Amino acid sequence: MTENEIAAGGSPLGKEKSAIKINKVRKVFTRNDEEIEAIKEVNLDIKEGEFVSVVGPSGCGKSTFLHIVGGFIDKTSGEVIVNGKEVNKPGPDRGMMFQESTLYPWLKVDRNVAWGLEVQKLPKKEIKERVEYFLKLVGLWEFKNNLPSELSGGMKQRVSLAKVLAFNPEVLLMDEPFGALDSQTREMMQAELQRIWSESRKSVLFVTHDIEEAVFLSDYVVVLSKRPSTVKEVIKIDLPRPREISIRKSYDFVDYRNKIWDLLHEEQNVKQLRGV
Amino acid sequence: MQNNSKKWFVLTSIGEILFFLLLWQVLSITSWFPTYVSSPVEIFSRIGEMFADGSIYPHVGISLYRTILGFLLVVLIGTVLGMLAGFFKPIGNFFDPLISFFNPIPKIALLPVFLVWFGVTDVTRILIIFTSAFFPCFIATLDGVRNINKLYLWSAENMGASKFKMLWRIILPAALPKIFDGWRVALALTFVMMFSSEMIGTSTGHGLGFMILNADSYGRVDIVLAGVFIIALLGFIFDRLLILLRNRVLWWSER
């Protein structure tokens with residue numbers, strides 16, 4: 001599937017309603033009077049309930065792309081449409097999870113999860129119920145009275161996930177959420193995320209540099225080119241769900257992994273030949 | 001173990017102070033120190049007398065009133081302006097050059113201007129205290145706000161928090177450790193400037209700084225040093241109170 005086919009209005013990512021539609025998004029940074037084109041043109045169409053990962057060579061602007069979808073930084077041109085509405089600012093329709101914990105260190109775990117709900121002025125009773133439900137979902141209800149500083153990195157990210165899920169966003173945006181974790185914890189978190197995702201059925205746009213993580217979790221993996229980035233290829237991951245951790249050893253899995261690996265390294269070789 | 005090391009620390013601190021007082025006393029008795037430097041025994045007996053006959057209380061009262069009022073104004077105005085300047089870029093840009101220009105000025109140099117303007121009044125004194133202690137408070141707050149983890153704010157924006165809510169519920173608590181550092185510097189400065197501001201004299205005849213100057217003109221070094229000691233003691237007590245408050249408010253902080 002190529003970028004042109006997607007741009008042509010084809011719908012490679014399924015048949016149902018769009019959850020996130022990215023039309024010709026471009027980003028140019030200006031630093032010290034110098035213009036740097038980070039994203040040349042990205043088009044994507046993510047359908048409701050799909051899990052889509054974005055991978056790309058280091059520094060290709062995949063995080064920048066996700067921050068644009070989240071509305072945290074401005075795009076130079078193009079449009080981001082979430083459930084039919086164009087978005088330019090951050091909003092609770094798109095729940096964002098970052099690589100670093102964004103839990104507030106002065107609030108206990110349950111108050112952290114409740115924060116977004118309090119901002120939205122939900123009834124007290126509903127806040128309580130949601131906090132309990134989502135902390136139980138991520139398996140950390142018994143830590144509700146702990147401070148974030150008392151939790152491990154993996155636990156913090158699970159609370160962050162509960163915090164984002166609790167305010168019930170229409171889509172989830174995840175910026176290398178497990179990137180700072182050790183590999184064992186990361187695998188566990190991936191399995192956990194798959195379980196939670198299959199329960200909540202939210203559309204997810206997931207940015208990662210970890211190819212296996214992308215293959216394991218996703219319905220589609222979007223491979224970006226080096227900077228200025230464009231969509232190099234969209235790969236459908238046709239592996240049965242639910243996926244066990246051991247699926248990583250299967251031939252199909254390894255095939256997908258190798259294919260994406262080759263695509264990424266083509267990009268990096270070009271870079272080397274140019275002597276950059 | 002931890003309790004023991006704390007006890008040890010307190011004991012050595014007291015021992016240190018006692019040692020220096022003893023040394024001072026010995027040097028005074030053996031006339032190694034010039035005779036116009038009073039000995040610790042003289043100073044402490046003077047302090048004892050002043051508390052016994054109650055003559056010290058009006059001095060302490062009026063000085064504390066000026067110091068605390070000045071400090072509270074600094075905390076209120078310095079912290080609020082610092083937060084706004086740190087959060088809203090245009091406000092920060094407005095203040096940046098002003099701070100660089102006014103901060104290095106010794107505020108006591110403005111005393112003649114304030115004197116002409118407001119006379120020998122508490123307004124002049126508190127202005128001197130305020131203008132001196134404002135800057136460390138403002139700068140620490142501004143710095144604290146500017147260095148907040150950007151993701152805290154993004155995460156709050158993501159959940160639909162208004163600017164006001166972010167200021168009050170994210171930026172204030174996140175910058176508070178830094179703000180307390182600023183308050184601590186400001187508090188010490190208010191005590192320093194309290195003394196300086198009382199050098200202009202007074203109509204009521206009260207204030208520790210005034211008491212010290214007055215004693216000096218009569219050559220009573222024992223009273224001068226007694227006054228200095230009382231200022232140090234008050235400064236010490238308020239510094240401890242501020243740290244106590246800090247530990248109360250920032251119970252979650254790892255420090």
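To find a chain, count down the sequence lines: A is the first, B the second, and so on, and within it residues start at 1. Computed from a predicted model, the values in this text were never measured in an experiment.
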Review point. Is it true that atom CZ of B:Phe94 has more than 12 heavy atoms of other residues, nucleotides or ligands lying nearer than 6.0 Å?
Key: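 12 or below, so no.
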Check your understanding: Are there more than 12 heavy atoms of other residues, nucleotides or ligands under 6.0 Å from atom CZ of B:Phe236?
Key ->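 Open: at most 12 neighbouring heavy atoms sit under 6.0 Å from CZ of B:Phe236.
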Exercise for review: Give the minimum heavy-atom separation between A:Pro105 and B:Trp252, together with the two atoms involved.
Suggested key: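 Closest approach of A:Pro105 to B:Trp252: O-CB, 3.6 Å.
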Review point. A:Gln120 and B:Met159: which non-hydrogen atoms are nearest, and at how many Å?
Key: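 That closest heavy-atom pairing would be NE2-O, 3.3 Å.
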Review point. B:Ile170 versus chain A, heavy atoms under 4.5 Å apart: side chain, backbone, both or neither?
Key: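 Contact with chain A involves both backbone and side-chain atoms of B:Ile170.
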Review point. Does a side-chain N-to-carboxylate-O contact under 4.0 Å join A:Glu118 and B:Arg169?
Key: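 Salt bridge: yes.
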Point to revise | Among A:Gly116, A:Pro169, A:Gly70, residue most engaged with chain B (heavy-atom pairs, under 4.5 Å) | key: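 Option with the top pair count is A:Gly116.
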Practice item. Report the option among A:Gly71, A:Gly95, A:Pro90, A:Pro148 that has the most heavy-atom pairs separated by less than 4.5 Å from atoms of chain B. Key: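 Among the listed options, the one with the most contacts to chain B is A:Pro90.
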Review point. Parallel, tilted or perpendicular for B:Trp154 and A:Phe72, by the 30°/60° rule?
Key: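 Geometry flag for A:Phe72 against B:Trp154: parallel rings.
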Check your understanding: Taking C-beta and beyond as the side chain, do B:Asn149 and A:Glu100 meet within less than 4.5 Å on heavy atoms?
Key ->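 In contact.
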**Study point:** Side-chain touch B:Asn158/A:Phe98, heavy atoms, less than 4.5 angstrom
**Key:**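 Not in contact.
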Check your understanding: A:Tyr104 side chain to B:Tyr152 main-chain N or O, any donor-acceptor pair under 3.5 Å?
Key ->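 Yes: the side chain of A:Tyr104 pairs with the backbone of B:Tyr152.
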**Study point:** A:Leu117, part contacting chain B, at a heavy-atom distance under 4.5 Å
**Key:**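 Nothing of A:Leu117, per the 4.5 Å heavy-atom cut-off to chain B.
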**Study point:** Heavy-atom contact with chain B under 4.5 Å, split by part of A:Lys89
**Key:**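 Neither part; nothing is under 4.5 Å.
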